[in-house]
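Read through the structure below, which is laid out as structure tokens, and then see the notes.
No experiment lies behind these values; they were computed from the predicted model shown. Note on naming: letters A, B, ... go to the chains in the order of the sequence lines (proteins, then strands), and numbering restarts at 1 for each one.
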Number of protein chains: 2
Amino acid sequence: MKHVEGGLRERKKLQTRAALADAALRLALEKGPDHVTVEEIAEAADVSVRTFFNYFPHKEHAILARNPEHLERALERMRTAPAEESPLTTMWLIVHDVLRELESDGQLSRRGELIMSSPSLLYQLMLSSLDDERQLTAALAERMGEPAGSVRPALIVSTAGAACRVVMELHKTAPERPIRDLLDEAFQLLAQGIDTAFGPDHQKKGTS
Amino acid sequence: MKHVEGGLRERKKLQTRAALADAALRLALEKGPDHVTVEEIAEAADVSVRTFFNYFPHKEHAILARNPEHLERALERMRTAPAEESPLTTMWLIVHDVLRELESDGQLSRRGELIMSSPSLLYQLMLSSLDDERQLTAALAERMGEPAGSVRPALIVSTAGAACRVVMELHKTAPERPIRDLLDEAFQLLAQGIDTAFGPDHQKKGTS
DNA sequence: GACAAACTTGCACTCACTGCAAACAATTAA
DNA sequence: TTAATTGTTTGCAGTGAGTGCAAGTTTGTC
């Protein structure tokens with residue numbers, strides 16, 4: 001039956017996957033993500049085009065090469081967080097975790113710019129993060145003991161995501177301010193209220 | 001030179017556009033958005049495929065047929081809001097505006113479901129709302145007298161967007177609770193703080 | 001009616017992506 | 001070692017999106 005992880009097959013698959021992802025990222029950086037063809041990527045990784053599609057469903061997937069481990073770790077953290085840790089705090093820790101890893105890769109800013117510059121990459125990122133958000137929301141709702149359809153857990157997860165996106169974009173246009181600063185300010189605002197003067201009732205039925 | 005808006009040409013263009021958008025929506029509802037081909041849409045609207053692409057850059061654009069008027073009105077409202085109206089309140093009013101219009105169209109839920117069910121539609125929607133958000137953010141920053149790179153205006157706009165998405169999804173899975181209820185709860189949370197117990201400093205440097 | 005500008009169309013092309021079946025390589029059992 | 005099994009790669013054929021170009025056709029102007 002199943003082997004001890006270390007089969008030749010397993011290793012080869014990982015290798016091929018890595019080769020494809022690397023080639024995809026490199027070429028995307030060189031020529032711009034919209035001017036790379038799958039054919040080039042496959043060629044650079046020395047496999048057929050058809051094989052490319054055995055590994056990645058879309059070109060963009062290969063460029064992003066999203067690490068499923070990140071989501072796994074995030075979910076784990078969400079589930080095992082100490083009871084006295086507030087929900088947004090957990091989200092904050094998760095984000096910082098990912099950030100740390102990306103930075104150690106040295107790929108953060110290059111990939112970040114790439115993403116922000118290409119609609120189709122943004123597409124992939126947002127779609128896959130939608131899915132992540134759903135799972136995180138489920139985990140958080142459970143942890144908070146809230147029913148499945150309640151607003152707060154979903155809102156916490158999705159606004160945290162929004163905050164990350166805002167921060168990425170701000171950092172891109174004004175790199176002098178460190179990402180962590182921006183991130184902390186954003187989360188602080190989320191936590192304490194983004195607009196304490198909010199009061200739609202005062203102008204009930206705003207007419208056209 | 002330029003005419004009084006009412007030229008035959010103008011009218012015909014509007015007609016063709018509407019015919020394409022209608023056909024696209026109808027067919028997408030009938031057969032599922034991913035099983036409609038541009039060819040079918042063009043045929044139903046009685047134009048060539050090539051002409052379809054003169055009107056819409058993507059299939060999804062035709063199905064969404066986003067009304068640029070919405071953004072225009074939103075921007076207008078943002079710029080002309082009374083000084084004493086708080087930022088999030090303005091966003092709230094804008095959202096309710098759009099909601100009202102979509103509902104009167106009778107297309108809200110049908111289109112909404114369609115969107116949530118198809119990745120490629122979601123893609124288009126999110127991309128175009130990204131752009132909307134940028135413009136709204138700029139307008140809001142100006143109104144608030146904040147510098148271009150500041151966090152709060154961007155966060156207000158993008159979390160409001162996130163709230164709308166959360167609400168749409170919740171409403172889809174649990175339609176018994178009216179949209180406006182959900183929306184109000186979400187905005188209230190955004191306004192007053194989503195997690196007042198947030199305190200990352202207490203667990204500084206959470207190690208793995 | 002003649003002329004220019006705008007719009008439509010067909011055609012040829014590139015590229016993403018899929019299903020299928022044959023070739024091939026790794027694993028396991030004999 | 002060999003033979004059977006299973007998983008992976010590949011070529012091929014095909015669908016469909018989307019683009020550029022060079023006619024044609026319509027509409028608006030003089």
Side-chain angles (χ1 to χ4, degrees), chain A residues 1-21 23-24 27-28 30-65 118-124 127-128, chain B residues 1-21 23-24 27-28 30-65 118-124 127-128:
Chain A
M1 324 246 120
K2 279 292 126 64
H3 245 274
V4 271
E5 294 292 303
L8 215 187
R9 242 166 204 170
E10 305 287 322
R11 271 178 288 138
K12 273 200 171 176
K13 273 188 82 166
L14 287 182
Q15 251 176 275
T16 310
R17 187 188 188 80
L20 282 170
L27 289 170
E30 272 173 25
K31 326 177 47 165
D34 294 335
H35 298 131
V36 197
T37 70
V38 173
E39 198 175 349
E40 291 171 308
I41 299 174
E43 198 168 330
D46 222 42
V47 294
S48 73
V49 172
R50 195 61 188 76
T51 297
F52 174 94
F53 286 108
N54 288 340
Y55 282 86
F56 300 98
H58 307 289
K59 203 193 352 175
E60 290 76 19
H61 251 89
I63 300 178
L64 289 182
S118 160
S120 51
L121 287 183
L122 257 169
Y123 153 61
Q124 271 307 143
L127 280 193
S128 50
Chain B
M1 327 244 115
K2 280 293 127 63
H3 246 273
V4 270
E5 294 292 306
L8 215 187
R9 233 166 212 170
E10 302 291 320
R11 270 179 289 138
K12 271 200 171 177
K13 273 187 81 167
L14 287 181
Q15 253 176 272
T16 309
R17 187 187 187 79
L20 282 170
L27 289 169
E30 271 173 26
K31 325 176 49 166
D34 293 336
H35 299 130
V36 197
T37 71
V38 172
E39 200 173 348
E40 291 171 307
I41 299 174
E43 198 169 332
D46 221 41
V47 294
S48 72
V49 171
R50 195 61 188 76
T51 296
F52 174 93
F53 286 108
N54 288 339
Y55 282 87
F56 299 99
H58 309 288
K59 205 196 349 178
E60 291 76 19
H61 251 88
I63 299 178
L64 288 181
S118 159
S120 53
L121 286 183
L122 221 67
Y123 152 60
Q124 271 307 142
L127 281 192
S128 50

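In this structure, the side chain to side chain contact (heavy atoms under 4.5 Å, CB included) partners of B:Glu39, at least two apart in sequence or on a different chain, are B:Thr37, B:Val49. Looking at residues two or more places apart in sequence or on another chain, you find no salt bridge (Lys or Arg N to Asp or Glu O under 4.0 Å) involving A:Lys13. Here B:Ala24 pairs with B:Ile41, B:Ala62, B:Ile63 under the side chain to side chain contact (heavy atoms under 4.5 Å, CB included) rule; sequence neighbours left out. Contacts of A:Ala44 classified as side chain to side chain contact (heavy atoms under 4.5 Å, CB included), with partners at least two apart in sequence or in another chain: A:Ala23, A:Arg26, A:Leu27.
Pairs passing the salt bridge (charged side-chain N to carboxylate O under 4.0 Å, His left out) check and including a residue from residues 41-55 of chain B, sequence neighbours excluded, do not occur.
Side chain of A:Ser128 to main chain of A:Gln124: a donor-acceptor pair is present (N/O by atom type, distance under 3.5 Å, no hydrogens or angles). Under a 3.5 Å cut-off, the side chain of A:Thr16 and the backbone N or O of A:Lys12 do form a donor-acceptor pair.
Here the nucleotide nearest the side chain of A:Lys13, chosen from C:dC17, D:dG16, D:dT8, is D:dT8.
Distances shown here put every side-chain N or O of A:Lys12 at or beyond 4.0 Å from the OP1 or OP2 atom of D:dT8. Between C:dC17 and A:His58, a contact under 4.0 Å exists linking OP1 or OP2 to a side-chain N or O.
Between the base of D:dT26 and the side chain of B:Arg9 there is a donor-acceptor pair shorter than 3.5 Å.
In this structure, CD of A:Gln124 is placed 13 Å from C1' of C:dA16, rounded to the nearest angstrom. Separating the CG atom of A:Asp34 from the C1' atom of C:dA16 is a distance of 13 Å, rounded to the nearest angstrom. The separation between B:Gln15 atom CD and D:dT27 atom C1' is 14 Å, rounded to whole Å. Going from atom CZ of B:Arg11 over to atom P of C:dA6 covers 19 Å, rounded to whole Å. Spacing between atom CZ of A:Arg17 and atom C1' of D:dT8 amounts to 15 Å, rounded to whole angstrom units. Atom CD of B:Glu39 and atom P of C:dT9 are 14 Å apart (whole Å). With rounding to whole Å, B:Glu43 atom CD is found 17 Å from D:dA17 atom C1'. Here C:dC17 presents its C1' atom at 13 Å from CD1 of A:Ile41, a figure rounded to the nearest Å.
Near DNA chain C, defined here as any heavy-atom distance below 4.0 Å, the residues from residues 46-56 of chain A are A:Arg50, A:Phe53, listed numerically.
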